[in-house]
Every structure is written in C-alpha cells, then in structure tokens.
S.K.: 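Pasting a structure here, questions to come.
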Amino acid sequence: MVVDVPNEGSPDDGYVLVSPYDKEGRYHSLILFRLASTPELVACLQENHAQPLRSYHQLYAMESACPHLGADMSDAEIEECDNSIVAVCPWHRYDFDLRTGESETGLRACTYNVKVVTDRSDGEEKVWVEGPDDGTQWRLVELRPVSEDFADPPPVSTPPTLPNTATTAVQDEPLVPTGRTPSTLMEWAVVILNTANPTLKVERTKHAVQLFRTGRLTSTGHKSKRVPLPPAVPPRDDNYTQNIVDPRKLGKRKNAAVMLHALANIEQWAIDLAWDIMVRFGSSHPNIPQAFFSDFTRMALDESKHFSLLVSRLAAISPSTPYGSLPVHAGLWESATVTSHSLRARLAIIHLVHEARGLDVNPGTIERFRRAGDTETVKVLEIIHADEVTHVTSGHRWFTWVCEQQGVNPVSTFREEVRRGWRGNIKGPFNVEARETAGLSRAFYEDLKGELDFITENTENGRQGSSSSSSPSLQVNYEKD
C-alpha cells in the first residue's frame, strides 16, 4: 500500500494515522511514526541499518491500538533504549519496539515494513507500507496527521456576536464542572451532552478527548454499575432554541449564509450524537472493543472542528446573521430518538444513511461555493467531506461488528433497519466512489425505501405491524409560541 506522505518531516514531525480496509471488510488502523533526526536517534538507527541513513529510515508503522487494553497510541511517547526505539503507551507505560513490536512485558504489537519507493509515473519518492502476509489488498480510507491542530479558525476582524445568554454561559460556567470532576469517558460524555452552549460544548469535547488520548483519563467507564444516563434530548440555550422549527417550514436554502447556518446546526447535533452513542450503548455492549471509543471520540472532535470552522465562515461572510440567529431544525435528533433502543439501528440510520447522504450532496455544495469564488469556504467544506468519509467508514465498521456478534447478514439487516427507521426513498444520485471508499457497496443502498410512517401508523392503531412499538415516530419539539 502506497501512502502519499512526504519523506521529510514537518518542523515538528509528528505521526500519521493510516486507516485501510480489505476486501473482506476488515478494518485496520495504523500509525506511521515519522521521527526527527536527533544525534542520539541517528546513532541508534545507524546501528540497526546496513544502508547509509536517510530520512525515510525514520519511518515506522505500527497498529494504533495498544495490545494491552486497546488504548489509542496516537499520543505515544518515543524513547531510545539501548539498540532500539520504542513507542510508550500513554495509559500504562507499556513499551513496544517500533521495528519488531516486542515489549518487555511479553506482549507484542503488530508492526509493518516501511520503505520509500520511487513512483515511475512522476519520479516522486513515496512511502510504501507492507500489507498483511496473506496477500490481502488494502484500500486506503483515511490519511491524516495525528498531531494536526484542532483547526480552530483564525479570529475574524469582527468577532461573531453570539446571543447574550450564550456569551454569559461561557463566561460563568467553567471548562471542568465544579463539584465532582468527571473521571471516566462516560461521565464526560454526559457532561458534554448536558452542555447547552455550543461554544462550551466544543471546548469540553476538545478537553475530554485530549484527557482520554494522553492517558489522564484511563477508564471509559462503560462497564461500571453506575454508568450515568444521557439526556433524552440534549439541552440548547434559550436564544438558540427559539429559532428551532419544523424542518418542513424551512424551505429551500437560498443563500450562502443560510446554507452555512444549516450546516453548522447539523454539526452541533453531530457532536452530541458522537457522545450519545458511546454512553447510551456502551453499557449494553460491555464486550465492545476499545477501538469503538477511540473512533467515536475522534468523531466528536471532528464534528467540533467542523462546527467551529462553519461558524467562523458564517461570521466572516454574514456578520449580521451569526449562528443561532436563523431558523434551524432538530430532525437529526429525531432520528436519534427513533433509534435510541438499538446500537445496530443507530449505526444504520445515523451513520449509514444520514452521513452517507452527506457524501452524496457535499460535492454539489462545494461546487456552489467554488462558483461563487468563496475559496475559504471551499477549503472548509473539503475538510469536512474528507472527515465524513471516515465517519461513514466507522459506522460501517461497527455496524458489521454488531451484525457479526448477532450472526446476521449486514446488507439485509441494514435494509431492514432502514425500512423500520426511515421515511421514504433513499434517492440518488449517489457518490458511489466515496461510499465504496467507506465500505458501502451498491447492495446496501440501491432501491432502498423506509416505511417508518406506515409502521408507526400500524403500531399506534393497534394492528400487527412489521416493527415493535420500540421504534416510535417522535418529534423533538423546540418551537415556542
């Protein structure tokens, strides 16, 4: 598998997250370690390489999950020990040789051979990572620097004016709640879900994910006997909720400001959905791998980044309509409510329908802003689109995991979940390439129709329907008189 990253590190070097999957639908998560040329490291590397040292000899690939308890190795420390270079897990300080994967503890991490090859088509040197020994071909889904900044946008010349209540909430409420400090990921999830102000929600998401990644929050808490309960509907600041209306009353998006406002609204709900799926279903699936929490904390961070970028662009192009000032809807959370009874249903409807539909419409939205000459918004939307491919990938990964645990066929099960939990046809045109990159073959979504209204009507009338009453049609009502 060729990974198109430069040989030379950036000034602060850093690691690269590489996420491929194979034709069998198995997902892999690797970290490509790109190390700086310190004198000590050069001496160490020269002892272990017969060839003269070059920059690409400082590249190593290892699985991203620690084989001890599955902790994310994205923030692993690099140490030089005798004749080896090791990555140290931030959770429990287990060390793994970057070349062999061996540890003094007796555990062993999977490592992959890395070399630099010259691409004959353009003459450029590119990094090559060796795949599994069974000859399985990998397809690259994600390639991003682990150490990338959160992408907080630079301040605009005139800071956006948020509703007064929101501004006051951020000033009065601390980042870490007073009283009992959250000590598990589940506790932080509930705190964030109950945070009404979107700016504070973003900051708490960044803080909690950083604690989790760096080993300062070593427990997910999903196996505890006292897992905190998430809210039925995440609260919203009053000055935002007064503009939430029925989706059918919004009409078509007529200008750039309305579009950006609507997209930011979706991203705010998406932050909540990433936290909700962990705390709502973690305790009912105690055997779920640690990678599940790594995937969805990364997703929560992505959605926070998207929200911040969109709000900033909205403020830049339309200062008179800051976020919270235009009508929005809570349709995404309605789907969350409908699927609150089942992890399988939640993954199907939210991540393999809602987010997959985003892959279909994103290119058209990007093109619209490109034609308008708004290159800065185009850059933001391209970042969001690339991230959302990985979100659908994660949804597919864990949907197929649940199906495997239950011994059911993923395609037929997905289609049945959509029939029971979605309204109307899943219409094209489809972004086939992006969907396939995320793992969705045409068999998942072609000729697909939801019958939620029909099933709900049968259930409410007391007739024998195809779905149980656990999948009601619920409206999230924030409208004010």
S.K.: Does Glu436, at its CD atom, have more than 12 non-hydrogen atoms belonging to other residues, nucleotides or ligands within less than 6.0 Å?
M.R.: yes

S.K.: Report yes if some heavy atom in the side chain of Val86 is under 4.5 Å from a heavy atom in the side chain of Glu77; otherwise report no.
M.R.: no

S.K.: What's the separation between atom CD1 in Ile271 and atom OG in Ser304, rounded to the nearest 0.5 Å?
M.R.: 3.5 Å

S.K.: Please check if any side-chain donor atom of Thr393 sits under 3.5 Å from a side-chain acceptor atom of Thr390, or the reverse.
M.R.: no

S.K.: Give the minimum heavy-atom separation between Asn194 and Pro235, together with the two atoms involved.
M.R.: O-CG, 3.5 Å

S.K.: Nearest 0.5 Å, please: how far is SG in Cys66 from CG in Leu107?
M.R.: 7.0 Å

S.K.: Answer whether the closest heavy-atom distance between the side chains of Val338 and Ile349 falls below 4.5 Å.
M.R.: no

S.K.: Among Thr297, Thr195, Thr205, find the residue that satisfies the side chain to side chain donor-acceptor pair (under 3.5 Å) test when tested with Trp275.
M.R.: Thr205

S.K.: Restricting to non-hydrogen atoms, name the atom on Leu59 and the atom on Arg34 that form the minimum distance, rounded to 0.1 Å.
M.R.: CD2-CG, 3.6 Å

S.K.: Any side-chain to backbone donor/acceptor pair from Thr365 onto Val361? Under 3.5 Å, distance only.
M.R.: yes

S.K.: Over all heavy atoms of both residues, which pair between Gly221 and Thr184 is shortest? Give the atoms and the distance, please.
M.R.: CA-CB, 3.9 Å

S.K.: Return yes if a side-chain donor-acceptor contact under 3.5 Å exists between Glu388 and Asn362, otherwise no.
M.R.: yes

S.K.: Measure the CZ-CG distance between Phe307 and Asp302 for me, rounded to the nearest 0.5 Å.
M.R.: 15.5 Å

S.K.: Would you call Pro363 and Asn431 a side-chain contact if the rule is heavy atoms closer than 4.5 Å?
M.R.: yes

S.K.: If every non-hydrogen atom of Tyr445 is compared with every non-hydrogen atom of Val432, which pair is closest and at what distance?
M.R.: OH-CG2, 3.8 Å

S.K.: Given the rule in the side chain to side chain contact (heavy atoms under 4.5 Å, CB included) test, do Thr111 and Leu98 qualify, once you have shown the distances and angles that lead to the verdict?
M.R.: CA-CA 7 Å; Thr111 56; Leu98 286 177; over 6 Å; no

S.K.: With a 4.5 Å heavy-atom cut-off, do Gln268 and Pro198 have their side chains touching?
M.R.: yes

S.K.: Using every non-hydrogen atom in the two residues, find where Phe399 and Pro410 come nearest and quote the distance to one decimal.
M.R.: CE2-O, 3.3 Å

S.K.: Assess Arg236 against Trp269: is NZ or CZ under 6.0 Å from the centre of the six-membered ring, and within 45 degrees of the ring's axis?
M.R.: yes

S.K.: Which pairs would a plain distance check flag for residues 283-291, meaning a side-chain donor or acceptor within less than 3.5 Å of a matching protein atom at least two apart in sequence or in another chain?
M.R.:
unit_1: Ser284; atom_1: OG; unit_2: Phe281; atom_2: O; d: 3.0
unit_1: His285; atom_1: ND1; unit_2: Phe281; atom_2: O; d: 3.1
unit_1: Asn287; atom_1: ND2; unit_2: Gln405; atom_2: OE1; d: 3.4

S.K.: Begin with the C-alpha distance, continue with both residues' side-chain angles, and end with the deciding distance and a verdict on side chain to side chain contact (heavy atoms under 4.5 Å, CB included) for His385 and Leu359.
M.R.: CA-CA 7 Å; His385 180 69; Leu359 302 186; 4.0 Å; yes

S.K.: When the ring centroid of His261 is compared with that of Tyr323, is the distance short of 6.0 Å?
M.R.: yes

S.K.: Regarding Glu63 and Tyr112, is there a side-chain donor-to-acceptor distance under 3.5 Å anywhere?
M.R.: no

S.K.: Taking the six-membered ring of Phe96 (Phe, Tyr or Trp), confirm whether the NZ or CZ of Arg108 is under 6.0 Å from its centre and within 45° of its axis.
M.R.: no

S.K.: By salt bridge (charged side-chain N to carboxylate O under 4.0 Å, His left out), which residues pair with Asp72, not counting sequence neighbours?
M.R.: Arg298

S.K.: Taking atom types as modelled, find out whether Asp295 and Trp398 have a side-chain donor-acceptor pair closer than 3.5 angstrom.
M.R.: yes

S.K.: What do the steps show when you test Val191 against Arg204 for side chain to side chain contact (heavy atoms under 4.5 Å, CB included), and what is the final call?
M.R.: CA-CA 9 Å; Val191 166; Arg204 284 179 168 172; 3.8 Å; yes

S.K.: Taking only Lys NZ, Arg NE, NH1 and NH2, and the carboxylate oxygens of Asp or Glu, determine whether Arg346 and Glu417 approach each other closer than 4.0 Å.
M.R.: no

S.K.: To the nearest 0.5 Å, how far apart are CG in Asp272 and CD1 in Ile277?
M.R.: 13.0 Å

S.K.: Taking the six-membered ring for Trp, are the ring centroids of His207 and Phe212 within less than 6.0 Å of each other?
M.R.: no

S.K.: Just wondering, do Arg435 and Asp360 contact through their side chains at under 4.5 Å, heavy atoms?
M.R.: yes

S.K.: Would you please say whether a donor-acceptor pair under 3.5 Å links the side chains of Ser224 and Arg226?
M.R.: no

S.K.: Could you measure the distance from the CZ atom of Arg397 to the CG atom of Leu347? Nearest 0.5 Å is fine.
M.R.: 12.0 Å

S.K.: Under 4.0 Å between a Lys/Arg side-chain N and an Asp/Glu carboxylate O for Lys379 and Glu382?
M.R.: no

S.K.: Does some side-chain heavy atom of Trp128 sit less than 4.5 Å from a side-chain heavy atom of Val114?
M.R.: no

S.K.: His68: what forms a ring-ring contact (aromatic ring centres under 6.0 Å, His included) with it, not counting sequence neighbours?
M.R.: His92, Tyr94

S.K.: Quick check: closest heavy atoms across Asn197 and Leu200, and the distance to 0.1 Å?
M.R.: OD1-N, 2.9 Å

S.K.: Measure the CD1-CD distance between Ile384 and Glu303 for me, rounded to the nearest 0.5 Å.
M.R.: 9.0 Å

S.K.: Could you go step by step and tell me if Ser318 and Thr321 meet the side-chain hydrogen bond (donor to acceptor under 3.5 Å, both in side chains) rule?
M.R.: CA-CA 6 Å; Ser318 182; Thr321 57; 2.5 Å; yes

S.K.: Between Glu79 and Arg93, is there a salt bridge with N-O shorter than 4.0 Å?
M.R.: yes

S.K.: Determine whether a donor-acceptor pair (N or O, by modelled atom type, separation under 3.5 Å) exists between the side chain of Ser325 and the backbone of Pro322.
M.R.: yes

S.K.: Considering only heavy atoms from C-beta outward, does the side chain of Met278 approach that of His222 to under 4.5 Å?
M.R.: no

S.K.: Does the side chain to side chain contact (heavy atoms under 4.5 Å, CB included) test come out yes or no for Ser19 and Leu17, once each step is laid out?
M.R.: CA-CA 7 Å; Ser19 301; Leu17 181 68; 4.0 Å; yes

S.K.: Please confirm whether His396 and Trp401 have ring centers closer than 6.0 angstrom.
M.R.: no

S.K.: Under 4.0 Å between a Lys/Arg side-chain N and an Asp/Glu carboxylate O for Arg423 and Glu334?
M.R.: yes

S.K.: Do Ile350 and Leu332 have side chains that approach each other closer than 4.5 Å (heavy atoms only, starting at C-beta)?
M.R.: yes

S.K.: Between Arg180 and Glu187, does any NZ, NE, NH1 or NH2 come within less than 4.0 Å of an OD or OE carboxylate oxygen?
M.R.: yes

S.K.: Are the side chain of Ser340 and the backbone of Thr337 linked by a donor-acceptor contact shorter than 3.5 Å?
M.R.: yes

